[in-house]
Amino acid sequence: MSALPRPAIPVGRTRRQVITLAGGPAAWINGGRLGIGEGLQRPLVLLHGLAGDALTWQFNLAALGADRAVLAPDLPGHGSSTLEVGAGHVDDLARWVGDLIDAWGVPKVDLVGHSLGARVALSLAHQRPGVVARATLIACAGLGSDLDHEFLDRLADASDLDQSRLAAAKLFSAPGSLVEPMARALTLRQSVPANRAAIKALLDANRAELSERLVTRDWAPPVPVQLIWGADDGIVPPPPADLIPAGIAFHLLSGAGHMPHVEAASRVNALIGSFH
């Protein structure tokens with residue numbers, strides 16, 4: 001794909017930017033101090049999980065972006081990006097992210113993905129190892145133990161605040177004050193029928209694929225990878241450490257659930273910063 005004209009990126013702002021990609025909007029947040037193409041370091045691209053959006057990285061953007069561009073897209077079916085998800089497979093989402101990177105006009109990026117976003121990052125690293133320099137996978141869907149499909153269905157149907165509170169509480173080891181803002185954001189999005197339909201379409205398109213435990217076969221891409229997992233993740237339980245290929249760092253964080261980049265943000269930011 002030929003690169004689109006580079007959009008103007010306000011430095012140091014975290015509001016969403018939008019361009020047209022494949023006939024629909026592609027939105028992202030630039031949370032770093034530098035804009036696209038500025039500085040000596042590769043941009044760091046953060047990919048959120050199912051039913052999230054770029055703002056799920058709100059505890060990471062500033063810490064990771066002190067001296068580089070940090071770009072957090074809304075994946076198709078999420079946030080301000082297109083609701084048209086097509087076939088909706090993780091490989092299709094990875095191609096969309098690759099096209100967005102091309103549109104930014106940057107030759108190489110580092111990837112960080114969470115849950116579904118981690119699986120998308122893994123797919124893109126296999127598809128285009130020349131574009132992906134390094135990848136951090138957080139609670140990678142399909143790589144851990146059996147998924148909690150009941151939770152995923154509840155998440156896709158979370159159209160009122162009570163449902164959303166139940167779903168949000170499951171995300172954390174020690175929910176506390178994290179549940180209410182997460183539940184309200186989820187309800188705001190999932191109460192819109194078109195948004196809910198897009199999430200369900202993505203879940204249906206990937207249910208069988210994400211149920212396959214990649215850890216039992218040769219899944220590692222040809223780029224450096226590290227894994228980060230919450231030890232108390234009840235949605236994508238961490239894989240046995242002895243099944244992780246040699247040379248791939250596996251960081252298991254105590255006191256964290258499915259969203260360690262929120263619940264243990266300082267530890268996750270340090271691990272990402274030291275790897276990338």
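Everything quoted here is computed from the prediction, not taken from an experiment.
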**Asked** Parallel, tilted or perpendicular: which describes the rings of Phe250 and Trp229, with under 30° parallel and over 60° perpendicular?
**Response** perpendicular
**Asked** Taking the side chain as C-beta and beyond, is there a heavy-atom pair between Leu100 and Val45 under 4.5 Å?
**Response** no
**Prompt:** With side chains defined as the heavy atoms from C-beta onward, is the minimum distance between Ile36 and Asn30 less than 4.5 Å?
**Reply:** no
**Prompt:** What heavy-atom pair brings Gly39 and Leu34 nearest, and what distance separates the two atoms?
**Reply:** CA-CD1, 3.7 Å
**Residue of the set Arg16, His78, His48 for which side-chain hydrogen bond (donor to acceptor under 3.5 Å, both in side chains) holds with Asp53** = Arg16
**Asked** So which heavy atom on Cys140 is nearest to which on Val236, and how close?
**Response** O-CG1, 3.6 Å
**Request:** Go through the steps to decide whether Leu75 and Leu202 satisfy the test side chain to side chain contact (heavy atoms under 4.5 Å, CB included), and finish with yes or no.
**Result:** CA-CA 11 Å; Leu75 292 173; Leu202 288 169; over 6 Å; no
**Asked** Is the backbone of Asp91 close enough, under 3.5 Å, to the side chain of Gln127 for a donor and an acceptor to pair up by distance?
**Response** yes
**Fill in**
Taken to the nearest 0.5 Å, the spacing of Arg119 CZ from His114 NE2 works out to 14.5 Å
**Message:** Whether the side chain of Ser115 engages the backbone of Ala141 through a donor-acceptor N/O pair (distance < 3.5 Å, no angle test) should be reported.
**Reply:** no
**Distance in Å, Leu46 CG paired with Ile138 CD1, rounded so as to fall on 0.5 Å steps** = 8.5 Å
**Item:** Asn206 side-chain N/O to Gly88 backbone N/O, donor-acceptor pair under 3.5 Å
**Value:** yes
**Message:** Measuring from atom NZ of Lys200 to atom CG of Leu155, what distance do you get when rounded to the nearest 0.5 angstrom?
**Reply:** 11.5 Å
**Message:** For a quick test of reading the model, state the closest non-hydrogen atom pair linking Ala168 to Ala183 and the distance between them.
**Reply:** CB-N, 4.0 Å
**Request:** Let me see the working for Asp102 and Arg128 under side chain to side chain contact (heavy atoms under 4.5 Å, CB included), right down to the final yes or no.
**Result:** CA-CA 11 Å; Asp102 290 341; Arg128 300 183 62 181; 3.0 Å; yes
**Asked** Does the side chain of Leu122 reach to within under 4.5 Å of the side chain of Pro221, using non-hydrogen atoms?
**Response** yes
**Item:** Path from Phe59 to Leu71 over hydrophobic side-chain contacts below 4.5 Å
**Value:** yes
**Asked** Same hydrophobic cluster for Phe275 and Leu253, using side-chain heavy-atom links shorter than 4.5 Å among ILVMFWY?
**Response** no
**Asked** Between His276 and Thr136, does any side-chain donor sit less than 3.5 Å from a side-chain acceptor?
**Response** yes
**Message:** Donor-acceptor pair, distance only, cut-off 3.5 Å: does the side chain of Asp233 make one with the backbone of Gly230?
**Reply:** no
**Prompt:** So, do His258 and Phe151 sit near enough that their side-chain heavy atoms are less than 4.5 Å apart?
**Reply:** no
**Message:** Do Val90 and Leu83 sit in one hydrophobic cluster, given that two such residues count as connected whenever their side-chain heavy atoms are within less than 4.5 Å of each other, even indirectly?
**Reply:** no
**Message:** Whether the Asp67 and Gln41 side chains hold a donor-acceptor pair (N or O, under 3.5 Å, no angle test) is what I'd like checked.
**Reply:** yes
**Asked** Charged N to carboxylate O under 4.0 angstrom, Arg68 versus Asp110?
**Response** yes
**Message:** If we ignore hydrogens and angles and just use 3.5 Å, is the side chain of Arg196 paired with the main-chain N or O of Ser159 as donor and acceptor?
**Reply:** no
**Request:** Give me the ring orientation class for His261 and Trp57: parallel if the planes are under 30° apart, tilted from 30 to 60°, perpendicular past 60°.
**Result:** tilted
**Prompt:** Does His126 reach the main-chain N or O of Leu124 with its side chain, forming a donor-acceptor pair under 3.5 Å?
**Reply:** no
**Request:** Check whether any side-chain N or O of Gln226 sits under 3.5 Å from a backbone N or O of His251 as a donor-acceptor pair, and report yes or no.
**Result:** no
**Euclidean distance, Leu161 CG relative to Leu188 CG, rounded to 0.5 Å** = 11.0 Å
**Message:** Check the orientation of Trp28 and Trp104. Use parallel for under 30°, tilted for 30 to 60°, and perpendicular for over 60°.
**Reply:** perpendicular
**Message:** Restricting to non-hydrogen atoms, name the atom on Leu64 and the atom on Gly273 that form the minimum distance, rounded to 0.1 Å.
**Reply:** CD2-N, 4.3 Å
**Message:** Can you tell me how far apart CG (Leu186) and CG (Asp160) are? Round to the nearest 0.5 Å.
**Reply:** 10.0 Å
**Nearest-0.5 Å distance, CD of residue Glu263 to OG of residue Ser173** = 5.0 Å
**Message:** What verdict does the side chain to side chain contact (heavy atoms under 4.5 Å, CB included) test give for Leu178 and Met259, after you've listed the backbone C-alpha separation in whole Å, the side-chain angles of each residue and the deciding distance to 0.1 Å?
**Reply:** CA-CA 11 Å; Leu178 295 170; Met259 298 190 74; over 6 Å; no
**Prompt:** Would you call Arg207 and Asp153 a salt bridge, using N to O less than 4.0 angstrom?
**Reply:** yes
**Item:** For Gly52 against Thr56, the heavy-atom pair lying closest together
**Value:** CA-CG2, 3.9 Å
**Message:** Give me the atom names and distance for the closest heavy-atom approach of Val223 to Ala133.
**Reply:** CB-O, 3.7 Å
**Prompt:** Going hydrophobic residue to hydrophobic residue with side-chain gaps under 4.5 angstrom, can you get from Trp219 over to Leu111?
**Reply:** yes
**Heavy-atom side-chain proximity of Arg165 to Pro175 below 4.5 angstrom** = no
**Request:** Please answer: with hydrophobic residues joined when any side-chain heavy atoms are less than 4.5 Å apart, are Ile244 and Val225 in the same cluster?
**Result:** yes
**Asked** Are Val97 and Val120 close enough, and set up right, to give a side chain to side chain contact (heavy atoms under 4.5 Å, CB included), and what steps lead you there?
**Response** CA-CA 8 Å; Val97 173; Val120 172; 4.2 Å; yes
